[in-house]
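Some notes on the structure that comes next.
A note on names: the letters A, B, ... follow the listed sequences, proteins ahead of strands, and every chain is numbered from 1. These figures come from a predicted structure and were not determined experimentally.
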Amino acid sequence: MSAEYIEEQLSYLLPIYYKRLFPSLPFYRWLSYGKSTNFSKREISFTLIGDIYLRFQSFDTHADFVNELCKRFPIKIDIGCVYQTKPRDKNMLTALIPVFKEVVFDIDMTDYDEIRTCCSGADVCNKCWKFMAIASKIIDATLREDFGFKHILWVFSGRRGIHAWVCDESARTLDDNVRSAIVEYMYVIKGGLGTSKKVNLVGNVHHSLKRALSIIDKYFIQSILKDQDILGTQERLDCFLNMVDEEVREIFRGNMRKLETSEQRWHSFEKTFADLQSKGQLSRGGRNMIEEMKLYYAYPRLDVNVSKALNHLLKAPFCVHPKTGKICIPFNVKNVDNFDLNNVPTLNQLMEQIDLYDKKTKEQDNMTMETDESTLNKFKIKDYKKTSLLGPVNIFMEFLRGLESKSEKRKMENADLNF
Amino acid sequence: MDTNARRRRIHTAVVSTDAGIYNHDLSLYSDFPKNPLGLPEFEELALERLQLLRIIENAALKGHKMYSDDWRNCIKEDLVKNNLKKYVRLMNGANGQGGADFQARRADHLSHYILRLAYCRSEDLRRWFLSREMEWFKIKFMAQTSAGVMQFLNINSLKYMPISNDIKDDIKSELMDSTPGLSHAVLSTIDIYKVPFTDVLPLIKSRRTYLKEGYAFIPMSDLVVCIQSKFRATLSESLNQINHRLSNVDDDRLNDLLCNLHNTYTGKEYIENPNKDAVDIGDLNDYSKKHFPLCMRHLHEVLRANHHLRHSGRLIYGLFLKSIGVLYEQFIEFWRQEFTKIMDNNKFDKDYLYNFNHQFGKVGKMVSYAPYSCIKIIMGNVGPGEAHGCPFKHWDVSYLKTKLNEYGGTQESIQEVINLVTNGHYQIACTKYFECAHGQPPVNSINHPNQYFEESMTLIKGRNKDK
Ligand code: SF4
Ligand SMILES: [Zn+2]
């Protein structure tokens, strides 16, 4: 069944979505971190239809939050940081003092435009999505193995990018300095419009980059060389060769030009490199050329500004992307290779799935008219379980269980908050 | 100098309770000075330390690679020239126990505290002071032998435990891959310390250490980074505290001294446009060619070509424009004109206007942000698709050459600039570029894009008058 998405539909579909499908309880539990004031002092901003941006909102209870969601049905929800006082009570005289926020990462496909060849701008397909798969794996491994973080939530941003939320307590309270340092640790592709060689490795290759390279290697031939065809045209080859040291560039060009496909050209590059190296014809700076190239074509390209500051807002999981209608669903990095952009549920699809379900159980139609909170909650469970939102919600729940198992000793203040 | 002060200084120096804290050349200045100090000596110490810190800063501006031998020698020479031999004494790592050594450490200690008072007053001053103090600390630290370091750690009760040899063996290859300069031979002779990664952020930023599950594994030579970060944190906190309490200084003379120290002797911040001549946005194309440093000219040209700049570019160029004297309404108008070539007014209002108002201090925290200095631009990151950054630092040499050619430099002058660049002397290169463009060098070496602009304007105005 095709569920062609139309923007105008938002105004009547969104209220239903928030009422029946949006997993507001797990969402609330997540941002509470076992303490209701964590939620009530958190900035949650809404963007309403017509691009009305409401900042510095906060909600005292889960019920308040749900009510506002259903009443205002935002087309976008952004999460900011937890302040010392409720952001809602902000006034001209007192500044809001930030207390904590997750460490977040934002990777957007537009930062790959200089290397991706299948699409550009807002477009994205399963071929270039591989960049996101690689990025999420590398960042996830770095955060866990190098920095020791454990509670990381990965979310599809609804269109062409991904977000990561690092929720460990130790991460949430880090100051801006530490955040920048973490980002810079992962900032490998440097230089703007005036730089052709954007990756420079001096000396031994750092342990974290070796790990990244081993991840990249699993994708390099198929996704980068074949799918992206990075060396397939004259122009792309020139681009590539511009990154090679001038002294040996023509040797490479001569060898690579003789061949046709990207894959052949790359192998020729590797072979030429080995030759030159054995003859001692490479300068010291050229020693890591192969690694540099792989990183340039596949290493994550972060939007560093998002991660550096404590008070930067980021779109919440389970939002509906207003242009694509796609839900910003959490995903599991371990299974990211199976993530298919075409299978991301859209608002319309979900509505159809619900309708189908509703038709089957007629009496429930009447029940949803009820406004009583507890009845609603009961039916919410059934609602999302009858749709393709089930998988993503389960991933979210799994993440939540991990988070809560650690802070279990600090008892949940609201014992009845079992979703 | 007042002879009384001199006598008093000698007198206070021999008080035995003080001598205890002056045993080591290295100090974290954790003890608050207890003995009273006369104003003349106070002033003398303040100016001397200011000179010390400026000399350190200038050594890098002269193009010496920081912490290299050249750089150290340059600092030593300048200190000697300025009659500050006592500070040279603290740079040799000897930890001598003679009278002159104690005198030097006492001056180091007291003057550090005096400058805390003068440099706590604004974010920029604090940042400048912190950076210089960290450098001064490292200069002294690097001269220390491992025995000296151990002794220092003991005195300050800093406890770092090396990891066992077994553990070291397990992570040998990771350590060598990830720690620059750490060879097999070296590794077998030294101790490795395990510290929380938050203690060694500079090493994290530049990916110069092996990191595992939140801990960095560092050789002793990198312990300085840990100690510096502790020192920085306490000093920074103390500066903030003093700043809050400073209104209590009710001695006018003292107040004058502290404020003037800043006004007279530190570089300008360029927050307010000093020449007060408003710059018309219609003149920007012309100005960008004649009076902008390369970094700003590039931003301007990219903006004109793409009708858009990424976040950092907008910020850096915006603050620059504001400080050369573009007025608020014109400022907004300028950005709007460009951006609306690729988007409609609505989108501009929604996505960008707040940002530009913010730069001008019209919304948000309502603060006046200082434009970026060269150091800040040079040290900054430039990502793919971004146009900010210092051309001398961030561009490929070949691209820089092309651009300089395009802008009409002579082959000879371009080569000169390029030579400076390849040796890492970015600001000197910029200064040279100024000279080529104007036929005479700027009064001071370039350390701020707004300074470049002002020097260029003054020069041209002067010439126009001469005509
Ligand atoms: S040295 Fe300073 S003024 Fe000159 S281009 Fe670089 S950043 Fe701009
Ligand atoms: Zn694509």
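Counting non-hydrogen atoms of neighbouring residues, nucleotides and ligands closer than 6.0 angstrom, the CD atom of A:Glu247 reaches no more than 12 such neighbours. No more than 12 heavy atoms of other residues, nucleotides or ligands shown are found within 6.0 angstrom of CD on A:Glu246. Few gaps surround CZ on B:Phe339; more than 12 heavy atoms of other groups in view lie less than 6.0 Å from it.
In this structure a side-chain-to-backbone donor-acceptor pair under 3.5 Å is missing from B:Asn381 to A:Glu184. Between the A:Tyr187 side chain and the B:Gly383 main chain, a donor and an acceptor come within less than 3.5 Å of each other. Of the possible donor and acceptor atoms, one in the side chain of A:His206 sits under 3.5 Å from a partner among the backbone N and O of B:Thr209.
Residue A:Leu302: no heavy atom, backbone or side chain, is found under 4.5 Å from chain B. Looking at A:Leu209, only its side chain comes within 4.5 Å of chain B, counting heavy atoms on both sides. For a residue to count as touching a neighbouring chain, one of its non-hydrogen atoms must lie under 4.5 Å from one of that chain's; by this rule B:Pro180 does not touch chain A. Of the two parts of A:Val178, the backbone and the side chain both hold a non-hydrogen atom closer than 4.5 Å to a non-hydrogen atom of chain B. Contact of A:Val304 with chain B is not made at all, since no heavy-atom distance falls under 4.5 Å. No part of A:Tyr112 comes within reach of chain B, as not one of its non-hydrogen atoms sits under 4.5 angstrom from that chain. Using a 4.5 Å cut-off between heavy atoms, A:Asp51 contacts chain B through both its backbone and its side chain. Only the side chain of A:Glu114 comes within contact range of chain B, judged by heavy atoms closer than 4.5 Å. Heavy-atom distances place both the backbone and the side chain of B:Lys212 under 4.5 Å from chain A. For A:Lys190, the parts lying under 4.5 angstrom from a heavy atom of chain B are both the backbone and the side chain. For chain A, the nearby part of B:Val302 is the side chain; its heavy atoms alone come within less than 4.5 Å.
Here B:Ser178 is the residue among B:Gly214, B:Gly389, B:Ser178, B:Ser173 with the most heavy-atom pairs under 4.5 Å with chain A. Counting heavy-atom pairs closer than 4.5 Å to chain A, the top residue among B:Ile204, B:Thr402, B:Leu203 is B:Ile204. Taking chain A as the reference chain and counting heavy-atom pairs below 4.5 Å, the highest number among B:Lys350, B:His298, B:Glu174 is found for B:Lys350. Between chain B and the residues A:Val188, A:Thr110, A:Leu143, the largest count of heavy-atom pairs under 4.5 Å involves A:Val188.
In terms of heavy atoms, A:Tyr185 sits closest to B:Arg207 at O-NE, 2.8 Å.
Side-chain contact between A:Asn177 and B:Leu201 is present, with at least one heavy-atom pair separated by less than 4.5 Å. Contact annotation: the side chain of B:Phe197 never approaches that of A:Asp146 to less than 4.5 Å [non-hydrogen atoms, C-beta and beyond]. For the pair A:Ile189/B:Pro384, a side-chain contact is recorded, criterion being any heavy-atom separation below 4.5 Å from C-beta on. In this structure the side chain of B:Tyr399 never reaches within 4.5 angstrom of the side chain of A:Thr195, judged on heavy atoms.
Between A:Asp111 and B:Arg310, at least one side-chain N (NZ, or NE/NH1/NH2) sits under 4.0 Å from a carboxylate O, which counts as a salt bridge.
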